[in-house]
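Down below is the structure, laid out as structure tokens.
Bear in mind the structure is a predicted one, so any value in this text is a computation, not a measurement.
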Amino acid sequence: MTTRVRFAPSPTGYLHIGSARTALFNYLFAKHTGGKFLLRIEDTDVQRSTEESTRSILDGLKWLELEHDEEIVYQSDNAPRHREIALKLLDEGKAYRDFTPKEERSGDVKAAIQERAREQKDMRDNPFRDLSKAESDAKADAGEPFAIRLKVAESGKTTFEDAVYGFQERDFSEIEDLVLLRSDGHPLYNLAVVCDDIEMRITHVIRGQDHLTNTHKQVLIYEALGVEKPTFAHLPLILAPNKGKLSKRKHGEVVSMTTYRDSGFLAAAFRNFLVLLGWSAGEEKEIYTMDELIGKFSLDHIHKNNAVFNFDANDPKHWTDDKAIWMNAEYVRTMPLEDLIPLVKAELKSAKLWRDEYDDDDKTHFEKTVDLIRERFFTLKDFSNQGRAFFSEDFDFDNAAIAKNLKKFPDLQTRLPELAGTLETVDDFTHDTLETVIKGFAEEKGVKFGVLMNGARTLLTGLAVGPSMLSVFETLGKEKTLRRLKSQVAWNQ
RNA sequence: GGCGCAUUCGUCCAGUGGUUAUGACGCAAGGUUCUCAACCUUGAAACAGGGGUUCAAUUCCCCUAUGCGCUACCA
């Protein structure tokens, strides 16, 4: 039997980092087992679901390259079918009509639920549970509104074997007669999920641990329907640094996938970071290609304890998890150059720094430039910010760099243009030749080589840090190097 | 309140009935270099607590603590 898994987000916001990981795990499991990865949008909560959210989630998945197989299922489309099934259970006596008026909730719903739960009541205590069919039908015919609840047996327990958490059981006395269909005729989550999973022939339900207790309710529905239940695998949660819930409201943009895309992260790097949150192959290796992940991923290496997504909202340097940043930098500087080039191209295009020659006459030179500067970059954004001087004449000078490398050594104001004059005669504008010439120049003029190079760095790139200057000279080329060495712009700032 | 799940460095993790308890991020120190956020080397840093079981527990069991989840006509 081919495995079929699904990622089933509810479109009430952008793609959350935790959801993204759930999607990733589902995807990897599907591909590992040669199965299908399906997508279902759980938009049954009409009040909160938005099309914009759906789009944002789809964008996030697309960016992560978690492509789904088959058509997207919109849960709301299946509502009639869910209703039918609830009615069927009613008909079979496995569910009953509850005529209790709906309790309107407002304000702090969580607190209200907690408060009510404290009352410790008998889960089977419902005046309409044992109403005769005739009485129930009569009331319904009279137009009295009702919800449909599953009739959970007086005694017994549900059990299932979770692929991550192991054997689970729950006594019926802990499970209320859950509502299947609202009094307005809309199906509820637990019913909808089970019906759709059956319909989509899902073999493995891989989702967040917050559903672990709910699963017992769903098992009950499977049993009432007489359908074999799928394998369940619950995933540990991803928590905020204070070990609390990671939410948009409290933590803002750090939890959104689009933030990473827009900050110049590489999908491959972020995926790699994400997969290590709650899973490991049990080895010391940490950098994996997608193919390696597909090959190694398995449910039994998923952890049981929650992971903390570590960041400090008050510190720009640690705005997101350090390891994610490191992972991205690692990818930027070590991934195959040919894979990086298109990404840099897209970044330069969006920063209006792209020139068509980079793809054509200047291709080799462009690639060499990218290869040189990527060594100390962290994100794709760095190519258009820090790396701007390599692609444009219009770049800024860092004041600290000017102070440290130029103003502190006033004679450089004449020495650097002088150096330009000397370099004018160099035809072989490459690292080694330049080194010989410039070292000779430094000695002759009594200037320290390092001071000369640092000054040049600021003049040529606007910065105080960067790759070896001899390589920068070579990469930038003679013409630009000479012009910038002679320029007085930075000196006048 | 009830029920459930969890607990190894600050964070992500490895691991075992007998180990100097692994690796990574971050941090610190040193080094290389023309600079550095890169690179190299080194260092500090953890088995929640208490009981058992055992010749021996970080590892198995129980209790406590803590955290998280569920307890809706939300998903």
If we call it a pair only when both distances are under 3.5 Å in a Watson-Crick or G-U wobble match, what pairs with [N]?
N	value
B/G69	B/C3
B/C12	B/G23
B/A48	B/U64
B/G30	B/C40

Rounding to the closest angstrom, what is the interatomic distance between [N] and [M] at atom [atom1]?
N	M	atom1	value
B/C47	B/U58	C1'	4 Å
B/G18	B/A57	C1'	9 Å
B/U8	B/U16	C1'	12 Å
B/U41	B/G4	P	50 Å
B/A24	B/C9	C1'	12 Å
B/U59	B/U54	P	16 Å

What about the rings of [X] and [Y], do their centers lie closer together than 6.0 Å?
X	Y	value
A/His211	A/Tyr189	yes
A/Phe167	A/Tyr165	no
A/Phe297	A/Phe25	yes
A/Phe383	A/Phe377	yes

Think [X] has a side-chain N or O under 4.0 angstrom from the OP1 or OP2 of [N]?
X	N	answer
A/Thr44	B/A75	yes
A/Arg182	B/C74	yes
A/Ser280	B/A14	yes

Spacing between [X] atom [atom1] and [N] atom [atom2], to the nearest angstrom:
X	N	atom1	atom2	result
A/Phe409	B/U35	CZ	P	11 Å
A/His82	B/C73	NE2	P	19 Å
A/Ile175	B/G4	CD1	C1'	11 Å
A/Glu286	B/G26	CD	C1'	13 Å

(request) Kindly indicate, with the supporting measurements, whether the criterion salt bridge (charged side-chain N to carboxylate O under 4.0 Å, His left out) is fulfilled by A/Lys323 and A/Glu286. (result) CA-CA 11 Å; A/Lys323 196 150 182 175; A/Glu286 289 195 304; 2.9 Å; yes

(request) Give the ring-plane orientation class for A/Tyr260 versus A/Trp319, where under 30° counts as parallel, over 60° as perpendicular and anything between as tilted. (result)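 It falls in the parallel class, under 30°.
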
Regarding [X], tell me which of base, sugar-phosphate or nothing describes its non-hydrogen contacts under 4.0 Å with the strands shown.
X	answer
A/Tyr189	base
A/Gly278	sugar-phosphate
A/Pro9	nothing
A/Lys157	nothing
A/Lys285	nothing
A/Pro101	base

Would you indicate which nucleotide in [options] comes nearest to any side-chain atom of [X]?
X	options	answer
A/Tyr165	B/G69, B/C5, B/A75	B/C5
A/Lys102	B/G69, B/C73, B/U35	B/C73
A/Glu176	B/U35, B/C39, B/A72	B/A72

(request) Report the C-alpha distance between A/Phe99 and A/Ser136 in whole Å, list the side-chain angles of each, state the deciding distance to 0.1 Å, and finish with yes or no for side-chain contact (heavy atoms from CB on, under 4.5 Å). (result) CA-CA 9 Å; A/Phe99 294 97; A/Ser136 176; 4.0 Å; yes

(message) Any N or O donor-acceptor pair under 3.5 Å from the base of B/A75 to the side chain of A/Asn190?
(response) no

(message) Is it the case that the base of B/C73 and the side chain of A/Ser183 share a donor-acceptor contact (distance under 3.5 Å, atom types as modelled)?
(response)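 Checked by distance alone, the answer is yes.
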
(message) Could you tell me if A/Ser384 and A/Glu347 have a donor-acceptor pair between their side chains, going purely by distance under 3.5 Å?
(response)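 Yes.
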
(request) Using salt bridge (charged side-chain N to carboxylate O under 4.0 Å, His left out) as the criterion, point out the one residue from A/Arg149, A/Lys151, A/Arg129, A/Lys217 that pairs with A/Asp177. (result)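 One option only clears the test, and that one is A/Arg129.
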
(request) Kindly state which residues belonging to residues 298-316 of chain A come within less than 4.0 angstrom of RNA chain B, counting heavy atoms of the residue only, listed by number. (result) A/His303, A/Lys304, A/Asn305, A/Asn306, A/Ala307, A/Val308, A/Asn310

(message) Tell me which residues in residues 442-463 of chain A lie within less than 4.0 Å of RNA chain B, going by non-hydrogen atoms.
(response)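 When residues 442-463 of chain A is checked for heavy atoms under 4.0 Å from RNA chain B, the hits, listed by number, are A/Phe449, A/Gly450, A/Met453, A/Asn454, A/Arg457.
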
Provide a list of protein-nucleic acid N or O atom pairs under 3.5 angstrom, restricted to nucleotides 19-22 of chain B.
from  : atom 1 : to       : atom 2 : distance (Å)
B/U22 : O2'    : A/Glu284 : OE2    : 2.1

